[in-house]
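Just so you know, these numbers use all the heavy atoms, side chains as well, and skip hydrogens, waters and symmetry mates. A note on names: the letters A, B, ... follow the listed sequences, proteins ahead of strands, and every chain is numbered from 1.
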Amino acid sequence: MTMGGRVDMKVVMLGREAGGKTSLVQRYLYDRFSGNLPYQATIGAAFGAKTVNVNGKLLTMGIWDTAGSERYEAMSRIYYRGACAAIICYDLTDDQSLEKAQFWVNELKQNEENCKIYLCGTKKDLVTGDNRNRRRVDYFSVTDYATEIGAEVYETSSKTGEQVSKYS
Amino acid sequence: MAALTSRSKKSIRFEESDLLCKNGCGFYGNPSWQGFCSKCWRDVYQNAKQAQVRADEQKHKRRLLPGVDAPSFGKFEEKKKQQTDKRKNTVRSIFRKSSPDTQQEVPPDRTIVRRASIETQHAGAEFAAFLRTLKKTTALDASKQVRGFVERVQNMADAPIDDLSELVIAFYQAMSERVKTHALYRDMSHETADRLLDFVERYVMTRLYRTVFCPPTSDDEDRDLAIQDRIRSLHWINTFLLDIALNETEDSMRKLVDQAITAVIEMDSKRAPQDKLLCITRCSKHIFEALRMSKDAPASADEFLPALIYIVLKANPPLLQSNILYITRFANPTRLMTGEAGYYFTNLCCAVAFIEKLTADSLSMTLEEYEGYMSGAIVPHDPSRQYNCEDLAIMQENVTTLADLHDRQQRLMAEAMQLQQDMSNFSLDMSKEINAVLQRTPLVIRPSKVKVDLDAETTDADLLPPPLQPIIMSSVSSTPAVQIKEIVSVNFATEPSNKVSQELVTEPANQQETAKDGGALVESETSRIASEAGLANGSDVIVGSPTDNVPDVVELLGENIPDIVPADENVSEMAVAESANKNVINNELDTETVGVVDVVNDNITNVESTNKTITGGAV
C-alpha cells in the first residue's frame, strides 16, 4: 500500500465494551499530537486518521474503533481483516477484560498472522496512588503473557495522557 | 406462409364426402391430392403456387415501400436503391458501434444500451477532461491502457466473477505501478497520480458496470432477495431492542435518520465504487450526527454499529448484497483497507452480517420472544416511541404544526392591524407637526442675493441701516462743519439757548464720557463683528465670495450700531453725516468686510472727533 514514501496502514482497536478504546483513540488523536497534525475532523470518534513521521517516512494511520459488545463479536473478523496492527485494550480494573483480550489475541493469531499485536492496559489513573487496591490485573503476568505471544505491553491512562503517545 | 395456405384453402370449395375429383371431372380424387384427381390437382397446385408467389412479392414490396401496390420496373429500381441505402446504414451503424468510445456489450434491448451509454459518456467525458490536463503523450498512454483493458474484460464477460475481480484489481495495481515507474508519468505529482488512478477506477467500473454488477454467473441476485426478505421479516426491531440512544420522536433527529436512510438507498443508483462508498460515508456521517445530538458527545463504534444496523433495517436498501459484493470485488483495495470510507463500508458489511445471523441471543431475548416477534404474535414495546402507528404520529405532528400556524397567523394579523394604526397615526402626527412648523416659522422667500455692483446707481440703498445709507450730496465741497453747525443750530433753535449753552457748559465732561463709553462699546462690538466676519471669511461654508458677505455684515452692523450709539442722537446723526460726506462706504464696501469694519472704525473716530468739535464749539 505504499505510494511515494507514504505508507498507509490500518490499526484496529479491539477490546471489551467500556474498555477505554474510544477514549484512547480520542486522547491519541486530539490531545497529544494535535498541534502538529492535519487531522481531518470527523464527526464521530470511531474512525481517525493520523499522519506520523517515522524515520523520515510519512505514515498515514487509519485507526479503526470497533464495537466491543459481545453481540457483535462474530463480525469482528471483518474489522481486523488486513490490519497492520491491533491494539487490544484491557481494563486494569477489570480482570475479565484481560480474558477477553486473550480471546482477541487468539483470534488474531489464527486469522491475521501478520498483524502486530499491542496489549494495552487502560485506566491506569484509577490504579495508582491511593487506589492501588483497585488494580485487578497484575503487570508482570501480562508482560509474561505478552512475551509468550510476541506482543508489546503498555499501561496507559487516557485521562492523564500517560504513555498514550507510544503507539507509533 | 400459414396465413397464405389457409387463405388458399378457403378460396377453394369442395365437399369432403365426395370421393370423386372435386373438380367434377369424373375421375376419382385422392386424399393426398386434397380430393382432386391427379390431373386436376396439378392445375390447382400450380394455381396455388403462383398465387403464393404473387402474394409473397406483394408482401415484400409493402414492407419496403408502403402504399405501392403494383410492381413496375421504375419502382423496382427505387426498391433496389432503398435496399442498398439500408445496407449502408447498417454498415455505418456497425462501424459506429465498433468505435472504441461507445463500444460495449450489445444487449438485444436497444433502450438499455442507450441508457447505459449516457452514464458511460458522462464518465468518459469526465475522464477525457481530466486527461486533457495532462501531457499529451501521458494522456494517450493512459487512455490506451484503459480502453484496451475495458475491451479485454468485455470480451470475457462470461468468465466467473471472481476471475474478473482479480483481473480488475490486477489492472489497478499494474496501472499504479505504471504511473510510478514508467517514464511517461515521471514528472507527475503524487496528487495528480492519485487523481489519475481514481479516474481510471471510476471510468473502468462505469464502463464495466453492466457486465460485472450482479452478474448472472453468480448467485448475487439470490442473496439480494434473501437479505431483502430477512430485513422485511425483522421489521419489528426498534431502537430500544438494539440499545440505541436515538430519540426518533424529535423532528431534527428523524430528519437525520431519514437522510441516512436516503443516502444508503441512493448507493444503488451510483456506478463507480467510490461513488457508492461516498453514499455509505454520507449515511454514516448522518448517523454520527444524530448520535451526537442525542447524547452531546462524539459517538464511538459501540454506538455507531447498532445505529447503522437499525438504519439498514429501516432502509432495506435495494440490491444490498450485490452492491456490497460489487464494492468488495471491484473497489481499489487500498481504498477499502485504510480510508475512512473503507471503515464505514466495513461497518456496513458488519451490519449486514449481523442481520443475516441475527438470533434471539444477539438481541438478548428468549427464543419464545424472538419467535413471537418473528411471527407477529407480539409487538415489541418501545418506550422511546409514543406511537406505534406512524400515521398517527404524522397526524399529531400535523395538528401541532397547524396550531402553531394558527398562532402565528393571529400574531401576524395583530401586527398588521397595529401597523395600519401606526401608519394612520403617523400621517396625522406628521401633518400636525408640519403645520406647527409652518406656523412657527413661516416660509419667507428672501430675494436672491445679487452681486453688488457698487459703481452702479444703487436703488436699494434705503434698505441699508441708517449709518450706512449713502447720502448723495449735490456738492462734495460742503464741509461737515457746516452741517454740524446746522444741526447744532437746529438743536439750539429748538431749545432755549441759555439752557443749552448752560448744559453744554456744565456737562461737557458728562458728554465726553458718554461719547467715550459709546465709542468703547462700538469698538468692542466692531471687534466682535470683525472676528465674526473673519470667521465667515475663513470658512467658506457660509458664502463663496467675500462680496456676498457684505450685506450680511451690513445687516449685523445695522442691528448693532443703533443700539450701541444711543448716547446722543446728535452724535450719531453727525457721524452719519460725517461718513456720508467722506463717501467712504461706497468706496470701501466692495472690498471686504474688513473694509466695512474699517468704515465702522472710521465712524467711531469720526464720532469722537465730532464730539470734540461739539465740545469745542460749545466751549
query = What pairs with B:Phe199 under ring pair (Phe, Tyr, Trp, His ring centres under 6.0 Å), at least two apart in sequence or on another chain?
reply = B:Phe130

ask   = Between A:Trp64 and B:Leu336, which heavy-atom pair has the shortest distance, and what is it?
value = CH2-O, 3.7 Å

task = Determine whether A:Asp65 and B:Tyr343 make a side-chain contact, defined as any pair of heavy atoms from C-beta on separated by less than 4.5 Å.
result = yes

query = How long is the span from the SG atom in B:Cys349 to the CD1 atom in A:Ile78, to the nearest 0.5 Å?
reply = 6.0 Å

request  = Go through the atoms of B:Asn347 and report whether side chain, backbone, both or neither lie under 4.5 Å from a heavy atom of chain A.
outcome  = both

ask   = Is the CZ atom of B:Arg195 crowded by more than 12 outside heavy atoms at less than 6.0 Å?
value = no

Region of B:Leu242 in contact with chain A, defined by heavy-atom distances below 4.5 Å = both

ask   = Is the NZ atom of A:Lys109 crowded by more than 12 outside heavy atoms at less than 6.0 Å?
value = yes

key: Least distance between heavy atoms, A:Thr66 atom then B:Asp302 atom   = O-OD1, 3.8 Å

message = Can you list everything that forms a ring pair (Phe, Tyr, Trp, His ring centres under 6.0 Å) with A:Tyr72? Sequence neighbours excluded, please.
response = B:Phe354

